[in-house]
Structure formats: structure tokens, C-alpha cells
Amino acid sequence: MLTHTEIKDLLNVSLQEGETRNVTVKGWVRTKRGNKNVAFIALNDGTCVQSLQVVAELKTDENPNGFSEDLMKKINTGACLRVEGVLVKSMGKGQNVEIQAKDIEVYGQADPDSYPLQKKGHSLEFLREIAHLRPRTNTFGCVLRLRHEMAYALHKFYHERGFVYLHTPIITGSDCEGAGEMFQVTTLDLENLPRTKEGCIDYGKDFFGKSTKLTVSGQLEGELGAMALSKIYTFGPTFRAENSNTPRHLAEFWMNEPEMAFYEIEDNMDLAEDFLKHLTAHALEHCMDDLRFLNDMYDKELISRLEHVQQMSFERITYTQAVDVLKAANAKFDYPVEWGIDLQSEHERYLVEKHYKKPVIITDYPKDIKAFYMKQNADGKTVRGMDVLFPQIGEIIGGSQREEDFDKLQRRITEMHIPDKDMWWYLDTRRFGTAPHSGFGLGFERLLLFVTGMTNIRDVIPFPRFPQNAEF
Ligand code: 4AD
Ligand code: MG
């Protein structure tokens, strides 16, 4: 049985005047200050953003039972301690309770000459270089607890609506998004590749007997699930070898993809809107301490933006309407706007932040800028895709109604030169018992940018993967 109490629980204890309690706490030293009679140690165990104040009386002539100088030398920022003592109402500002130490054990020291997290307020850039230690800062504690809460809220949302969590593969032979930005998975000896008679690489000799990649999306397999279970969702790591060194792209990121039989694009939009409102409401309801910290330290509008999303119904417009708004805009864009272009983040942010001043869902994109699987509209030019755009972030969700007609889908696959030997199993959903269906993908780290107010996606995932970086 655990013999210690977590700091979050202790900070919630309300003591009567004069009431005390014997407790044991364990955690890492954030700071130590004091004088020759007493030391004040801020101890944090990661259960909440606040630290617990430990008051340790020092050995002096008047106080021979105080803690020795030898012990105190070992207690530096970063050290790990077990403290036994008495929890009392605090006289000091900023905390309800504090602990008067009776016994301190140093589990692990942290040499002040080499432990990199000495002061408060290290820059986020510096912390990225020590990503293995940054969870020990207040900022990353908040971000990582929020990340957990959002994952929990996501599962809860789908579970309560009868969705089945489907585990789709990470190793795959097909390129869902057709962008060709995949990491290859192979056990072939790269120094000595087997060749076919024609001189090509002989993937028949590779581990799976064919060329395989890390998945860019679980959607295609998700559709197989929806065509049997009606409503499924995936949630897992996805990989994109796009060489984009931006604050919104990672090479390894987490995506959540619900897929629903019998949903049309409007139902898909309703679900996406409900979902994002549910997640932000969960953060406001359960994570206020962490949000307040991030709001004070990084983004004074964070909490009000989260509240705003609750109150607003998202604007729903077509791509063509969006282009009209942008063309009429009194704004200078780096990329000129023309019907047919892929909207850039400057355009998306103009629509959301300047024009509509709320989240926007854009539908019916030109078919040439979207993936092969989207349902084709009767105009022959557009497809039933939808992107959800958020303030500060731009695209947070991408999705669509799917093309359920076998012939139309096959024609599109041919037009887009997608090798159909990789697609027979996917086409079987349209061959056997096809149905209208829809789905979308939420970029989990994009959501976290919104919920934490962080501005660089590398700061909302514990171990970011991006070009030239896979250290930790
Ligand atoms: O728009 P995307 O490419 O859509 C799909 O992959 C579909 N298969 C989803 C579906 O319909 N089931 O990606 C979905 C979301 C984007 O809106 C964005 O939030 C995020 O994934 N995303 C990235 N996040 C971080 N780093 C990257 N490189 C990302 N690429 C996409
Ligand atoms: Mg997209």
C-alpha cells in the first residue's frame, strides 16, 4: 500500500485553525530558499501545477534537532525527496497549507552544476533542446496533463455515443491521402539491395513480401470498420514525411478519425462541431488550474477563446463562398486568391479571425486539390470535403462524405494514377453492400495548440519528430 499522499490531494485539504495532520509526500524540488534557521522547499510531484511548501528547520545552537547542513547541501533544484511531517495551515501567502518537515530522505540528488533546469522562465526553444527533462517544468506539466485530459475526453465522447474504437495498422501498403509523403518500412539491407531481373528493387524479398510504409491515416481501414459496425473511431500515431518545418506540422502526430455509415456531410459537420465543443468544455470544466497558468504565462486570451467556442455556432460556407469573401477582402495576401487554389493558412486565418470571428467549416472544395475518396458533387468540379478552421490554428479537422459509388470511385482512382493493385480491398466496400458514409480526421496536436495556447506544435507532444530531429 502506498504510504504517501499526492500533492494535489494535500493542497485540497482545508484545515481548521490549529488542526494538523501527519503526512508523507514525495516529489522533486523546484526551488529552495531561506536563511540560516529555516529552509523553504517547493516540492512538486506533477499531480498539479502548484508546489507544496516544505518548511525545514535547520540545526543551530538553539535548535539542535534541526536538519543538518550536510543534508541541506543535497537538496537542490531537481533533487527527489521523501518528506515526512505535519501538515498545517500556512501563514504565508499563496498557499492554504504547508508541511513542517520531521524527516527528509533524499532519493536522488541533482548536481546544480550540471542539472539544466535551474531557473524559472527558460525559453521554450531551450526546453526543446532538453525535451527529456522539460516535463519537469510547470509549463510542460500543464501541457501534458491537458494532453491526457483531451485523450480521455475524446474516448468518452465516442464511447457515450456508441462508437467502437478500431485499431488500424501503423504499417501499411497504401497511401490514403495520395500525397506520397510516406516513410518506408523495410528490413532489406540498404547497402546491398536485392534486384529483380529488370533491375528494380525486389520487394518480394522484403519482410512483408511487398513495399510497406508507415501510415499517413487510418481512414481506409476505418471505412472497413464503419461498413460493419456503423460507427467507429481510430486514435493513434500517423506519419508524414513532408519536409515542412512549420509550427503546425510534425512528422509523427496523433490523429483521431471517426467514420460513420449513413452519415451525410451535414451529419459529419454536426458531429465535428459537437466534438470540438465537448473537448473544449471538458478542458474548462476539469483543467482550470492548468489553463489559468497557461493563460497567465503565455496567452491572456486562452480561456476566453475556449469559452467563445462553446457559445458560437460554427460558420458553414462553401469553398466558392470562401473564395468570394477573400477576393472582396481588403487585405494583402502573399498567395493571390483564385478559384481552384489550395487555401493557405493566411487565407484560413483571415476568414476565421477577421471576417467571421468564429470557427468556420468550409465544404465543397475543387476536386483537384482533395483526395480521391471524397464524394463527387453533381457539378463535376467539386467534392464533398470539409475542413474545420479554428482561430490561431487554421485547419484543425479535415474530412468528407465518401464516394460510395464503385464506378465513380474507380474512375477517380484511375484519373489520379493510384495503383489499384493496392486498392482492391478498399474497393470491396463499394462492391459489397456499399452505403453513404462520412468521416473526418482531427489533428490531436492542432487541438492541443488551441487548448493550451502554445504556438509551436513541437511544444504539445512529449517527443516531437520533425526534419533533422529524432533525438529523444
Ligand atoms: O486533412 P488530413 O490530411 O485528412 C486525412 O488524413 C483524412 N484521412 C482524415 C479523414 O477524413 N479521416 O489530416 C487530418 C488532420 C488535419 O486537419 C490536421 O489537423 C492534422 O490532421 N494534420 C497534421 N497535424 C500535425 N502535423 C502534420 N504534418 C499534419 N498533417 C495533418
Ligand atoms: Mg487536410
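Whatever order the structure lists ligands and atoms in, that order sets their numbers, starting from 1.
Put simply, Glu177 stays out of reach of the Mg ion (ligand 2), with no N, O or S atom under 2.8 Å from it.
Looking at Phe239 against ligand 1, nothing comes within 4.0 Å, counting heavy atoms. Under 4.0 Å from ligand 1, the heavy atoms of Ile457 that appear belong solely to its side chain. With a 4.0 Å heavy-atom cut-off, ligand 1 is reached by the backbone of His249 and by its side chain too. At a heavy-atom distance under 4.0 Å, only side-chain atoms of Phe253, from C-beta outward, approach ligand 1.
Looking at ligand 1, you'll find an N or O of Ile396 within less than 3.5 Å of one of its N or O atoms. The distance criterion of under 3.5 Å between nitrogen or oxygen atoms is not met by Ser400 with respect to ligand 1.
Residues Asn245 and Phe466 form a side-chain contact, since some pair of their non-hydrogen atoms from C-beta on lies under 4.5 Å apart. Inter-residue side-chain proximity for Met150 and His282 is flagged as met; some heavy-atom pair is nearer than 4.5 Å.
Cation-pi geometry between Arg446 and Phe390 is not satisfied (NZ or CZ under 6.0 Å from the ring centre, within 45° of the ring normal). For the pair Arg161 and Phe157, the cation sits on the ring face: its NZ or CZ lies under 6.0 Å from the ring centre, inside 45° of the axis.
Numbered from 1 in the order shown, with element, the atoms of ligand 1 that lie under 4.0 Å from a heavy atom of Glu257 read 7 (C), 8 (N), 9 (C), 10 (C), 12 (N). Residue contact check: Leu250 has heavy atoms under 4.0 Å from atoms 25 (C), 26 (N), 27 (C), 28 (N) of ligand 1. Counting atoms of ligand 1 from 1 in the listed order, those under 4.0 Å from a heavy atom of Gly399 are 11 (O).
Of the candidates Glu259, Arg446, Glu445, Arg402, Arg402 brings a heavy atom nearest to atom 11 (O) of ligand 1.
No hydrogens or angles considered: nothing links the side chains of Glu346 and Tyr335 as a donor-acceptor pair under 3.5 Å.
Counting non-hydrogen atoms of neighbouring residues, nucleotides and ligands closer than 6.0 angstrom, the NZ atom of Lys332 reaches no more than 12 such neighbours.
Salt bridge annotation for Glu273-Arg316: present, with a cationic side-chain nitrogen under 4.0 angstrom from a carboxylate oxygen.
Taking the N/O/S atoms of Glu395 in turn, the shortest distance to the Mg ion (ligand 2) belongs to OE2.
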